[in-house]
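Structure first, then comments.
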Amino acid sequence: MLRTWQGECIDKALKKYCSGQPHFFCQATPGAGKSIMAATLANTLLNKGMIDLILCFSPSVAVADGMRATFSITFNCPFNGSLGSIGQSLTYQSIQYLGDDFWRTIKKYRLLVVFDEIHHCSGDEPDRANIWGQQILARIQGVATYTLALSGTPW
């Protein structure tokens with residue numbers, strides 16, 4: 001069962017996405033359940049036929065593993081990028097190592113990209129961004145159908 005704020009956040013995100021705005025930001029305290037909210041929102045988008053695949057990016061292996069586990073439970077399938085999986089959870093560092101074949105394949109699908117702890121990335125232009133922000137601008141910005149940015153840091 002979702003917490004009240006999670007349900008309200010999902011409703012707001014859906015409303016925004018359905019109005020043609022592809023980006024949504026959620027800020028909540030650490031441990032509030034942002035990952036569960038994100039997985040439930042992704043599941044809703046999938047069930048509504050709005051997305052085909054999900055990619056999650058996080059600042060560390062530990063956080064990426066937590067996202068992978070939450071999405072696996074929510075979707076009742078592996079969330080590891082393998083055949084039959086609905087998506088994958090990776091670190092921000094890994095973006096630069098995903099090959100051109102990966103990006104060509106991803107472009108064929110309606111994609112939700114979840115950025116966990118997005119405050120670790122910065123920049124709205126490549127020359128003003130940190131390395132993770134540069135990778136997002138170069139590789140993901142034009143590929144994602146929808147984005148969901150999460151942060152537990154209130155700054």
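FYI, the numbering just counts along the sequence from 1. This structure is a prediction, so every number in the text was calculated from the model and none was measured.
A donor-acceptor pair is defined here as one N or O able to donate and one able to accept, closer than 3.5 Å; no such pair exists between the side chain of Asn43 and the backbone of Ala39. In terms of modelled atom types and a separation under 3.5 Å, the side chain of Lys16 and the main chain of His23 share a donor-acceptor contact. A distance-only check finds a donor-acceptor pair linking the side chain of Ser72 to the backbone of Arg68 [under 3.5 Å]. Checked by atom type and distance alone, the side chain of Lys107 never pairs as donor or acceptor with a backbone atom of Val143 at under 3.5 Å. For the pair Asp52 (side chain) and Tyr109 (backbone), a donor-acceptor distance under 3.5 Å is absent.
Hydrophobic clustering (ILVMFWY, side-chain heavy atoms < 4.5 Å, transitive): Leu41 and Phe79 are in one cluster. Hydrophobic clustering keeps Val114 apart from Val63 (ILVMFWY residues linked when any side-chain heavy atoms are closer than 4.5 Å, directly or through intermediates). There is a path of hydrophobic side-chain contacts, each under 4.5 Å, that joins Leu90 to Val113. Follow the hydrophobic side-chain contacts under 4.5 Å out from Ile10 and you reach Leu148 in the same cluster. Phe24 and Leu150 fall within the same hydrophobic cluster, where Ile, Leu, Val, Met, Phe, Trp and Tyr residues are linked whenever their side-chain heavy atoms come under 4.5 Å apart, directly or through other members.
Within a 6.0 Å sphere centred on CG of Asn76, heavy atoms belonging to other residues, nucleotides or ligands number 12 at most. Summarising the local packing, CZ of Phe25 is surrounded by more than 12 heavy atoms from other residues, nucleotides or ligands at distances under 6.0 Å.
For Phe57, there are no ring pair (Phe, Tyr, Trp, His ring centres under 6.0 Å) partners two or more places apart in sequence or in a different chain.
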Inset, instruction - Would you check, one step at a time, whether the test side-chain contact (heavy atoms from CB on, under 4.5 Å) holds for Leu111 with Ile51? - result: CA-CA 6 Å; Leu111 181 66; Ile51 61 169; over 6 Å; no

Inset, instruction - Run the numbers on Leu45 and Tyr17 for side-chain contact (heavy atoms from CB on, under 4.5 Å), then give the verdict. - result: CA-CA 10 Å; Leu45 291 170; Tyr17 293 153; 3.9 Å; yes

Inset, instruction - Output, in order, the C-alpha distance, side-chain angles, deciding distance and verdict of side-chain contact (heavy atoms from CB on, under 4.5 Å) for Phe102 and Ile95. - result: CA-CA 10 Å; Phe102 176 85; Ile95 295 172; over 6 Å; no

Inset, instruction - Report the C-alpha distance between Gln6 and Ile36 in whole Å, list the side-chain angles of each, state the deciding distance to 0.1 Å, and finish with yes or no for side-chain contact (heavy atoms from CB on, under 4.5 Å). - result: CA-CA 8 Å; Gln6 292 167 315; Ile36 292 169; 3.9 Å; yes

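Scanning both residues, Cys77 and Gly84, for their nearest heavy atoms gives SG-O, 4.3 Å. Contact record, Cys9 with Cys26: SG-SG, 3.7 Å, taken as the closest heavy-atom pair.
Note that the OG atom of Ser85 and the CG atom of Leu53 stand 8.5 Å from one another [nearest 0.5 Å]. With rounding to the nearest 0.5 Å, the separation of OG1 in Thr74 from CD1 in Ile54 is 9.5 Å.
The shortest distance between side-chain heavy atoms of Met50 and Cys18 falls below 4.5 Å. Residues Thr91 and Val61 have side chains in contact (heavy-atom distance under 4.5 Å, counting atoms from C-beta outward).
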